[in-house]
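Side-chain atoms are counted along with the backbone in the values below, which use heavy atoms only and exclude waters and symmetry mates.
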Amino acid sequence: MSLAPNKAFAKASLSFRFLVSGSVILILAAVCLGVWVGRKIEAGVVQNYGAAAALYFESLVPQIPFLQSPFDTLPPDAKSELTRIFVEGILREKIVTYKVWSRDGTILASFDRTLEDQTFPVSDALTRAWDGEVTADYEFVELHAETDGASIALPLLGVYVPIRNLETGEVTSVFEIYQRAEELIDDISKARRQTWLVVFAVFLASGGLLFGIVHAGSRLIETQQLRLRRQLRENTELKDRVIEAARRSTAQTDRVMRRIGLDLH
């Protein structure tokens, strides 16, 4: 029973078989390409947002003099200054939380004071930031309400910002800042939709063009096959006529020979 569909598929036209098999291949290729391109575009959008946040933060560096020199610890007045800038100053509307990192993975200052002076494994993003590269990523943080126990997922953009000395260009410290990322999520969703639309439009147009070419070739092959069958039938009929004519000629020759034989007797 399972061989019947295979036989039917094998007997189908070339264009139909291409339509079925080609559609499967093109859809798989479109999905793979769409996922790859989507991830690349998403990474680019996140990095652009991170770079913009880093530029905005770096524009405030001249207002924070103690960031111009390398440091292994931060005095209380420096931590108070950061609190004033991030919690009470102009960054309070943009920055949700922050950390100041040392090279060995120690948090020198943070919005959460319980994290200060704790040492964590040095991440790849922190290493790259100390090398002078801005790195960014986003994540969803669960926020729970204290009254009714409800929770929401808040998107946050995390950016590692290398702070440089304005004269030497040396990286003096690394800030890890988090800001709300609703606009980022909207832009990523829009970029994904546009990516999938473009990918499927290109593959649909390519598939339609290829199907048109294969269909035209299939029609030409079918036409030639019909001509060959017609010629074969004509040749068969001609062969039958020749055989019939030869048979009649032989029979007539036999009659003539018998008649001549009787006449001789």
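Summarising the geometry of V45 relative to L184, their closest heavy-atom pair is CG1-CD1, 3.6 Å, with the distance given to 0.1 Å. The nearest pair of heavy atoms linking I163 to F175 is CG1-CD1, 3.7 Å. Of all heavy-atom pairs between V159 and A53, the closest is CG2-CB, 4.3 Å. Nearest heavy-atom pair across E116 and A109 is OE2-CA, 3.6 Å. Considering all non-hydrogen atoms of both residues, W196 and V31 come closest at CH2-O, 3.5 Å. Looking at every heavy atom in both residues, R192 comes nearest to E42 through NH2-OE1, 2.6 Å.
Distance check: T114 OG1 to I107 CD1 gives 9.0 Å after rounding to the nearest 0.5 Å. Going from atom CD1 of I25 over to atom CZ of F203 covers 11.5 Å, rounded to the nearest 0.5 Å. To the nearest 0.5 angstrom, I41 atom CD1 is 11.5 Å from N48 atom CG. Rounded to the nearest 0.5 Å, atoms CG (L156) and CD1 (I177) are 11.5 Å apart. Note that NZ of K99 is 11.0 Å distant from CD of Q118, once rounded to the nearest 0.5 Å. In this structure, CZ in R193 is found 8.5 Å from CG in L197, a value given to the nearest 0.5 Å.
When only modelled atom types and interatomic distance are considered, D112 and S110 share no side-chain donor-acceptor pair under 3.5 Å.
Around CD of E183, the count of heavy atoms belonging to other residues, nucleotides or ligands within 6.0 Å does not exceed 12. For F200, the CZ atom is densely surrounded, since the number of other residues' heavy atoms within 6.0 Å is greater than 12. Atom CZ of R180 is surrounded by 12 or fewer heavy atoms from other residues, nucleotides or ligands within 6.0 Å.
Not a single salt bridge (charged side-chain N to carboxylate O under 4.0 Å, His left out) links R39 to another residue, sequence neighbours left out. For W36, there are no ring pair (Phe, Tyr, Trp, His ring centres under 6.0 Å) partners, not counting sequence neighbours. Among residues two or more places apart in sequence or in another chain, the side-chain hydrogen bond (donor to acceptor under 3.5 Å, both in side chains) test is passed with E139 by none.
In the hydrophobic clustering of this structure, L126 does not group with L108; members are Ile, Leu, Val, Met, Phe, Trp, Tyr whose side-chain heavy atoms approach within less than 4.5 Å, directly or through other members. A continuous path of hydrophobic side-chain contacts links V199 to L26 [ILVMFWY only; heavy atoms under 4.5 Å]. Cluster annotation: I185 is connected to L157 through the hydrophobic network of ILVMFWY side chains, with a link wherever side-chain heavy atoms come within less than 4.5 Å. When the side chains of ILVMFWY residues are joined at heavy-atom separations under 4.5 Å, either directly or via intervening members, V171 and V122 end up in a single hydrophobic cluster. With hydrophobic clusters built from ILVMFWY side chains whose heavy atoms lie under 4.5 angstrom apart, L74 shares a cluster with Y98.
Between E182 and P155 there is a side-chain heavy-atom pair separated by less than 4.5 Å.
Here K190 does not pair with D186 in a salt bridge; the nearest charged N to carboxylate O distance is not below 4.0 Å.
Relative orientation of the Y160 and W101 rings is tilted, given thresholds of 30° and 60° on the angle between their planes.
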